[in-house]
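The structure appears below as structure tokens.
Each chain gets a letter, A, B and so on, in the order its sequence line appears, and its residues count up from 1.
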Protein chains: 2
Amino acid sequence: MENKFRSSCPVTSAIDIVGDKWTLVIIKQMLTEDKKTFKGFTESSEAIATNILSSRLKMLEEFQIIKKEKLPNNKKVNIYTLTEKGLALAPTIIELTIWSTDNFRNYHPDMYSGDQIKMIKNDKENYINLLIKNYKEKNWLK
Amino acid sequence: MENKFRSSCPVTSAIDIVGDKWTLVIIKQMLTEDKKTFKGFTESSEAIATNILSSRLKMLEEFQIIKKEKLPNNKKVNIYTLTEKGLALAPTIIELTIWSTDNFRNYHPDMYSGDQIKMIKNDKENYINLLIKNYKEKNWLK
DNA sequence: CCGGATCCGTTTCGATACTG
DNA sequence: CAGTATCGAAACGGATCCGG
């Protein structure tokens, strides 16, 4: 794969991928909401348009952040799953969740309780490892 | 401030802010490259257009992620600095840097050395605390 | 039905010029 | 220096269509 990045700065390169609303929404949904089909993403509360979704899935696949497969017994439905590279974004997503919860709680009375976030903070590494382990067990061994 | 978010999901709300290329670029530049003036941002390698920069600074200020001030002895130059809320994004930025370095190294022969990243990983919390402490010392006590 | 592709009006971007 | 104004180009996103 040739270099698709505009900038030579490492963080900025990541920003070319992550600094996009829909890309982040998709990854978050895969990681924390068990979403894995085209239909599933469109049905989410965020209501992504099909053409936008299509373009983002394609991009994420090109960067090998997700992979597309079909189940052996179902030729219709495409299953999108996070690759190792995609799962490596878990810490970033978690930090973002913590930041959002800490700073915009007043907008979201229904988000994580203080205790939940405190628990995550207290054993962040473990929490992330568990999240990744669960994801793999659920999605990688068919 | 009224609720400006479209979604009730905490992470998605953060994505409304962070899921934007230029927002992330600006915060990264403030945190890791000592950028703090309008001119400074435009001169960066990322070459942000002045109208886009203007709109993003305004948005970040509204969310109290940055604040705008003038130096007492200089009425011309505006100084933008990260607030406590903005500095709380440091962990997210660092995780993003690590992810990018781990996964796109081949595109960037000039980024952090393996040893540097290893050091950051080994003592992430300390590294982040130091980054924040240094930022405050440099920018908050004039 | 599912997974997209296409069309098309609307919004946003972004390069440059311009102003206080 | 710190932004606005302008304007063509690009992206968005809602609706619809289409192959399997």
Please pick, from D:dG13, D:dT4, D:dA2, the nucleotide with the shortest atom-to-atom distance to any side-chain atom of B:Lys58.
D:dT4
Compute the centroid of each ring, for A:Trp140 and then for A:Tyr135, and state whether the two points are separated by less than 6.0 Å.
no
Checking D:dC1, D:dG13, C:dG4 against the side chain of A:Ala49 (C-beta onward), the nearest is D:dG13
Detail all sub-3.5 Å separations between protein N/O atoms and N/O atoms belonging to nucleotides 7-13 of chain C.
from   : atom 1 : to      : atom 2 : distance (Å)
C:dC13 : OP1    : B:Arg56 : NH2    : 2.7

Over how many whole Å does the gap from B:Leu57 atom CG to D:dT4 atom P extend?
10 Å
Find the distance B:Phe41:CZ to D:dG3:P and express it as a whole number of Å.
11 Å
With respect to the phosphate group of D:dC1, does any side-chain polar atom (N or O) of B:Tyr80 fall under 4.0 Å of OP1 or OP2?
no
Is the distance from OP1 or OP2 of C:dC2 to the nearest side-chain N or O of A:Lys39 less than 4.0 Å?
yes
Using atom types as modelled, flag every donor-acceptor pair under 3.5 Å from a side chain in residues 67-75 of chain A to any protein atom, sequence neighbours excluded.
from    : atom 1 : to      : atom 2 : distance (Å)
A:Lys70 : NZ     : A:Asn78 : OD1    : 2.6
A:Asn74 : OD1    : A:Lys76 : N      : 2.8
A:Asn74 : OD1    : A:Val77 : N      : 3.3

Between OG1 on residue A:Thr92 and CG on residue B:Leu96, distance to nearest 0.5 Å:
5.0 Å
Between the CG atom in A:Asn122 and the CG atom in A:Asp115, the distance rounded to the nearest 0.5 Å is 10.5 Å
With heavy atoms under 4.0 Å as the rule, sort A:Lys70 into base, sugar-phosphate or nothing.
nothing
A:Ser54 side chain to A:Thr50 main-chain N or O, any donor-acceptor pair under 3.5 Å?
no
Atom CD1 in B:Ile93, atom OG1 in B:Thr32: separation rounded to 0.5 Å?
8.0 Å
Just the rounded figure in Å: distance from P of C:dG3 to NZ of A:Lys75.
15 Å
Would you say D:dA11 has OP1 or OP2 under 4.0 Å from some side-chain N or O of B:Lys21?
no
For a quick test of reading the model, state the closest non-hydrogen atom pair linking A:Phe63 to A:Lys85 and the distance between them.
O-NZ, 3.3 Å
Value in whole Å for how far the P atom of C:dC2 lies from CG of A:Asn73
16 Å
Using every non-hydrogen atom in the two residues, find where A:Gly40 and A:Lys35 come nearest and quote the distance to one decimal.
O-CD, 3.5 Å
Atom pair distance, as rounded to whole Å: CG in B:Leu53 and C1' in D:dA5
16 Å
Under 3.5 Å: donor-acceptor pair, side chain of B:Ser100, backbone of B:Thr97:
no
Between atom NZ in A:Lys36 and atom P in C:dG3, what is the gap in whole Å?
13 Å
Whole angstroms only, please: what is the CD-P distance between A:Glu43 and C:dG4?
15 Å
How large an angle, rounded to 10°, do the end axes of the helix from C:dC1-D:dG20 to C:dG20-D:dC1 enclose when each is built from five base pairs?
20°
On DNA chain D, more 5' by nearest nucleotide between A:Ala47 and B:Lys76 is B:Lys76
Pair A:Gln64-A:Thr83, side-chain donor/acceptor within less than 3.5 Å:
no
Counting only side-chain nitrogens and oxygens, does B:Thr50 get under 4.0 Å of the OP1 or OP2 atom of D:dG3?
no
Can you tell me how far P of D:dC1 sits from NZ of B:Lys68, to the nearest Å?
16 Å
